[in-house]
Amino acid sequence: MYSELKSILRESLNVQANADTKSWWENYVKESAPFMGVTMPIIRTVVHGWYKEHVKNAVPMSEQLNLALSLFEGSFTEEKLAGTLCIQEILMPVGMVDIDRDIDRFAALFSTGKIYDWNCCDWFCVKVLGPLILTHGKACADHISSWRTARNLWQARASLVPFTKVAGNPDYYADIELTCRVLIRREERFGKTAVGWILRDISKHDNQFVRKFLDENLLFFTVECVKNATKYFPKEDQKAYLSKLKS
């Protein structure tokens with residue numbers, strides 16, 4: 001349905017591609033996803049120019065989120081990042097995302113394999129899902145947190161990473177703790193590292209929450225995850241947790 005518009009965007013991005021940038025990106029994500037080779041500032045410029053010239057007055061507002069979501073069908077990471085930026089910077093500010101209607105559609109980006117690596121996952125979490133929690137509060141947070149039991153690793157990771165946006169708000173700690181308990185028990189590295197990330201951010205505001213969680217669940221941590229969770233602890237305390245883990 002949107003093939004011509006998507007082709008225009010893809011070509012506009014491809015014109016800006018650079019072999020060195022492609023190599024840098026793919027090395028950064030450990031070859032987990034393909035890139036054209038376009039830097040983030042250029043992706044942002046291209047997306048806004050494409051929207052203004054080809055989408056704004058040509059596609060009804062009610063259909064523009066469908067178009068943005070269809071960008072995640074692209075083969076290259078830049079197309080998926082373009083979809084994320086389109087939602088975050090263009091559609092969300094004018095109220096074109098409805099959590100009751102669209103949260104399940106966002107979940108489908110993960111469950112259908114359109115988001116399949118940590119880079120795109122975390123970008124979508126931080127740029128779209130986190131701000132939605134900030135705007136819509138507990139109802140939105142509870143829905144996203146419910147993804148913790150998803151079989152798909154990236155959807156499960158997305159049940160926690162967005163909460164970095166509200167790491168200083170104890171109103172969300174019940175959801176965070178429950179989700180952490182599920183993800184820390186997963187075998188996959190990127191399930192566990194999501195836990196380390198959120199605990200690290202919470203430790204800036206509530207050190208005791210983090211210590212309690214570590215004390216009760218240390219058996220399931222990795223060294224990497226402990227280091228992340230205790231990044232802002234006194235060095236002797238971090239060493240104590242690492243020593244306890246290894247013993």
Side-chain angles (χ1 to χ4, degrees), residues 29 32-33 65 69 72-73 80 83-84 87 97-203 206 209-226 228-229 245:
V29 300
S32 63
L65 181 61
L69 291 173
F72 289 85
E73 298 168 0
K80 300 173 191 294
T84 300
I87 295 169
V97 172
D98 181 297
I99 59 168
D100 293 329
R101 179 194 66 203
D102 298 323
I103 287 293
D104 287 339
R105 301 175 75 197
F106 294 156
L109 293 175
F110 300 95
S111 63
T112 61
K114 295 181 178 69
I115 294 178
Y116 58 83
D117 72 301
W118 68 266
N119 180 50
C120 281
C121 175
D122 290 359
W123 257 86
F124 194 79
C125 288
V126 172
K127 299 298 183 180
V128 174
L129 299 178
L132 285 176
I133 291 173
L134 273 174
T135 300
H136 298 284
K138 279 284 290 175
C140 180
D142 290 347
H143 198 140
I144 291 171
S145 181
S146 73
W147 299 351
R148 68 178 78 92
T149 58
R151 293 182 63 184
N152 180 281
L153 168 63
W154 306 111
Q155 185 179 353
R157 181 177 172 88
S159 73
L160 189 57
V161 171
F163 285 86
T164 57
K165 291 289 188 180
V166 291
N169 188 339
D171 291 345
Y172 296 95
Y173 287 1
D175 270 341
I176 290 171
E177 180 179 6
L178 183 56
T179 304
C180 282
R181 287 185 182 276
V182 174
L183 265 62
I184 199 63
R185 286 165 169 76
R186 291 187 71 131
E187 294 298 321
E188 303 99 330
R189 177 192 175 202
F190 284 104
K192 294 182 184 295
T193 56
V195 175
W197 185 356
I198 190 67
L199 292 180
R200 178 195 67 196
D201 283 7
I202 289 176
S203 72
D206 190 337
F209 176 97
V210 178
R211 290 178 184 273
K212 182 175 183 292
F213 189 85
L214 282 163
D215 291 340
E216 294 176 355
N217 299 276
L218 192 61
L219 173 66
F220 303 103
F221 276 71
T222 61
V223 169
E224 177 185 29
C225 196
V226 170
N228 283 334
L245 174 68

| Going through the checks in order, is the side-chain contact (heavy atoms from CB on, under 4.5 Å) test met by I198 and F213? | CA-CA 12 Å; I198 190 67; F213 189 85; over 6 Å; no

| Min side-chain heavy-atom separation F163-D201 under 4.5 Å | no

Can you tell me how far [atom2] of [Y] sits from [atom1] of [X], rounded to the nearest 0.5 angstrom?
X    : Y    : atom1 : atom2 : answer
R185 : C180 : CZ    : SG    : 11.0 Å
F72  : L109 : CZ    : CG    : 5.5 Å
L132 : D98  : CG    : CG    : 10.5 Å
T164 : L199 : OG1   : CG    : 12.0 Å
C140 : L134 : SG    : CG    : 9.5 Å
N217 : L183 : CG    : CG    : 12.0 Å

| task | For E216, check salt bridge (charged side-chain N to carboxylate O under 4.0 Å, His left out) against everything at least two apart and list the hits. | result | R181, K212

| Mind checking what makes salt bridge (charged side-chain N to carboxylate O under 4.0 Å, His left out) contact with D117, not counting sequence neighbours? | none

| said: Could you check whether atom CZ of R101 has more than 12 heavy atoms from other residues, nucleotides or ligands sitting under 6.0 Å from it? | reply: yes

| Partner residues of F106 under the ring pair (Phe, Tyr, Trp, His ring centres under 6.0 Å) criterion, sequence neighbours left out | F124

Looking only at heavy atoms, which two atoms of [X] and [Y] are closest? And how far apart?
X    : Y    : result
Y116 : W154 : O-NE1, 3.1 Å
V226 : L218 : CG2-CD1, 3.8 Å
C225 : G196 : SG-N, 3.5 Å

Donor-acceptor pair, side chain of [X] and main chain of [Y], under 3.5 angstrom:
X    : Y    : result
T193 : R189 : yes
K114 : E73  : no
D206 : I202 : no
K165 : C125 : no

| query | Would you say the side-chain atoms of S159 and R148 include a donor-acceptor pair closer than 3.5 Å? | reply | no

| request: Kindly state each residue pair satisfying side-chain hydrogen bond (donor to acceptor under 3.5 Å, both in side chains) with at least one member in residues 122-131, sequence neighbours excluded. | output: D122-R157

Anything under 3.5 Å between a donor and an acceptor, one on a side chain of residues 169-176, the other on a protein residue two or more places apart or in another chain? List them.
unit_1	atom_1	unit_2	atom_2	d
N169	OD1	D171	N	2.9
Y173	OH	A167	O	2.6
D175	OD2	K138	NZ	3.4

| request: Verify side-chain contact (heavy atoms from CB on, under 4.5 Å) between Q155 and I115, making sure each step is shown before the conclusion. | output: CA-CA 9 Å; Q155 185 179 353; I115 294 178; over 6 Å; no

| note | side-chain hydrogen bond (donor to acceptor under 3.5 Å, both in side chains) filter on R186, not counting sequence neighbours, yields E188

| Is there a side-chain contact (heavy atoms from CB on, under 4.5 Å) between L69 and I87 once you walk through the steps? | CA-CA 8 Å; L69 291 173; I87 295 169; 4.0 Å; yes

